[in-house]
Novice: 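Please see the structure below; I have some questions.
Naming: A, B, ... by sequence-line order, numbering from 1 per chain.
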Amino acid sequence: MVTIRLTNSKTRRKEEFRPIDLSHVRMYVCGPTVYDRAHLGNARPVVVFDTLYRLLRHVYGEGHVTYVRNFTDVDDKINAEALRRQKAGSPGTLEELIHERTEETIAWYHADMDALGALRPNHEPRATDFIGQMIAMTQGLIASGHAYAAEGHVLFRVRSYKDYGKLSGRSVDDMIAGARVEVAPFKEDPMDFVLWKPSSGEEPGCGSPWGKGRPGWHIECSAMAHELLGESLDIHGGGLDLQFPHHENEIAQSACAHPHGRFAQYWLHNEMLQVEGKKMSKSLGNFFTVRDLLDGNTPGGVKYPGEVIRFALLKTHYRKPMDWTAEAAREASAELSKWWTATDKVSAGEESTAVVAALSDDLNTHGALTELRKLYKEGDFPSLKASAHLLGLLTEEVRWPYTQSLQATLHHNPNTFGRATLSLNSIEDRLSKLRTAAMASKDFSAVDALKSALIAAGVEVRMSKAGVELVPGPDFDPAKLEALL
RNA sequence: GGCGGGUUGGCGGAGAGGUUACGCAGCGGAUUGCAAAUCCGUGAAGACCGGUUCGAUUCCGGUACCCGCCUCCA
């Protein structure tokens, strides 16, 4: 069996990955808070851990990996949006409006992450479905002396867990010394964090032994991970920004609530993403949601297919900060286009051991891409296709618009793109005839006019001795094509 | 202030104590009505200072600069 090595944030070292149970590898990754569209930064962990999931399935077998990624649907921003809608006259109770908002956001999330070629995890628990478990866990922590209730809140007693701070390399005393936040009067210790907080008047909440309220963010992941994966699991992932306090608190809660479990053995953190060299922010105008990029709602109006976004994200190792640039996306697009052309009519063969080896070495996706380039150069297209699938590339799900074969487009997208494909076929035929005539008459004006129109419609025109070929590109506009008929 | 990460050729970006990274761009060539696409070839690096070593871009120490977290933002 292939040995996978992963950098474990817990030990700060690259370690051999040994699952607790070879026949059941368990991974938990912190998912989104569903208050709005996922932005590009949210996409990075999704793509990174999706690639790890694909590797684990390859190595341990598809049925032997359980991947859990939660939806945090308890959040003040969600509540605020629901309240805004209610005040604007939307019908329904606040609870209903909250549900409406989270359902709509989850649907967006699914659509956007699907476009990136990310497989759906085995479980996508919603925090609101596990409130009972969170309350039970909180009660257990109080009973064992690790938590206390105060003024409607329940707080975790940080000093009761000796390893607090170990994951993020912080000492409790240092943190208190440098703290900038105001300490709530009911806290025994400034570092204690909330397990349960009260809901006032119009705020949504549910009943608990401590009155109406809602769970704290950290307890959600601990409870869901425990419910779905058990006391001990193999991998826990998330963005580096979650390492402290979120993951630190998760560890403290889970370790104290389940002293016989080991919680997560391997902690993986992806580095942050920047856009054009700057931190993504609305004020700098470099803030993009995944949907913005897919739909071309960007400064240049360029549309980025999900596969291009995915490729660009995989170009940088997950533990390094990465910069999203239009240039990197262009390069990704060019390479994918070549690979699609080469592999389109080829059946997937065997996965390259070099690609598997690269991914197994702490998920070296860039190294894997280099190996894919070698396969392309060597002309081993069946292996290129199979190996690219390990990275979630060249899959049927993300195939459009790199279709070399128009028949294939018709076959795979009969409803959406059928008309466009037929148009392309007929125009291809016309252009070919015009060109043949022009070769004899030496008057190429008609050929050039049609060619320019096609390029304007986002269609790549390939003319050679072999004939004429039209390939729709990322900017393909079926409406403009129709106009040429 | 505390903790952590980074600095590689024009750009992006890896691995390895000594042998070509790779991709993009550039340049030269093939092909082409023109172009696009494709293919072949090619120059170019390791922030700075010191140490270890026969030999360091790769290990160790220091300096400078950049970035992140310490604020429920992945």
Novice: Nucleotides 7-11 of chain B: which of its N/O atoms have a protein N/O under 3.5 Å away?
Specialist:
residue : atom : partner : partner atom : Å
B:U7    : OP1  : A:K320  : NZ           : 3.3

Novice: Could you encode protein contacts along nucleotides 30-37 of chain B as a string, one character per nucleotide from 5' to 3', using B for base contact, S for sugar-phosphate-only contact and - for no contact, with a heavy-atom cut-off of under 4.0 Å?
Specialist: --SBBBBS
Novice: Counting Watson-Crick and G-U wobble pairs with both distances under 3.5 Å, what is the dot-bracket string for RNA chain B, 5' to 3', using [ ] for crossing pairs and | for pairs to another strand?
Specialist: (((((((..(((.....[...))).(((((.......)))))....(((((..]....))))))))))))....
Novice: Heavy atoms within less than 4.0 Å of RNA chain B: which residues of residues 214-223 of chain A have one? Give them sorted by number.
Specialist: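 Result for residues 214-223 of chain A: A:W217, sorted by number.
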Novice: List the residues meeting ring pair (Phe, Tyr, Trp, His ring centres under 6.0 Å) with A:H269, not counting sequence neighbours, and say none if there are none.
Specialist: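 A:H269 satisfies ring pair (Phe, Tyr, Trp, His ring centres under 6.0 Å) with A:H247 only.
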Novice: Taking only residues two or more places apart in sequence or in another chain, which ones pass ring pair (Phe, Tyr, Trp, His ring centres under 6.0 Å) with A:W108?
Specialist: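 A:W108 satisfies ring pair (Phe, Tyr, Trp, His ring centres under 6.0 Å) with no residue once adjacent residues are dropped.
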Novice: Looking only at side-chain N and O atoms, does A:Y376 come under 4.0 Å of OP1 or OP2 in B:U38?
Specialist: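 A:Y376 to B:U38 OP1/OP2: no side-chain N or O under 4.0 Å.
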Novice: How would you list all residue pairs meeting salt bridge (Lys or Arg N to Asp or Glu O under 4.0 Å) that involve residues 212-225 of chain A, not counting sequence neighbours?
Specialist: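 Listed by first then second residue: A:D76-A:R214, A:E203-A:R214.
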Novice: Scan the side chains in residues 443-455 of chain A for donor-acceptor partners under 3.5 Å anywhere in the protein, sequence neighbours excluded, and list what turns up.
Specialist:
residue : atom : partner : partner atom : Å
A:D443  : OD1  : A:S445  : N            : 3.1
A:D443  : OD1  : A:S445  : OG           : 2.9
A:S452  : OG   : A:D448  : O            : 2.8

Novice: Heavy atoms under 4.0 Å is the rule here; annotate nucleotides 16-22 of chain B 5' to 3' with B where the base is hit, S where only the sugar-phosphate is, and - elsewhere.
Specialist: -----BB
Novice: Taking side-chain hydrogen bond (donor to acceptor under 3.5 Å, both in side chains) as the definition, give me every residue that meets it alongside A:K14, ordered by chain and number, with sequence neighbours left out.
Specialist: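 In terms of side-chain hydrogen bond (donor to acceptor under 3.5 Å, both in side chains), with neighbours along the sequence ignored, A:K14 is linked to A:D361.
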Novice: Got a sec, which residues hit ring pair (Phe, Tyr, Trp, His ring centres under 6.0 Å) with A:H218, two or more places apart in sequence or on another chain?
Specialist: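 Partners of A:H218 by the ring pair (Phe, Tyr, Trp, His ring centres under 6.0 Å) criterion, ordered by chain and then number, come out as A:F193, A:H246.
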Novice: Just to verify, what does A:H153 make a ring pair (Phe, Tyr, Trp, His ring centres under 6.0 Å) with, not counting sequence neighbours?
Specialist: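 Scan of A:H153 (ring pair (Phe, Tyr, Trp, His ring centres under 6.0 Å), adjacent residues dropped) gives A:F186.
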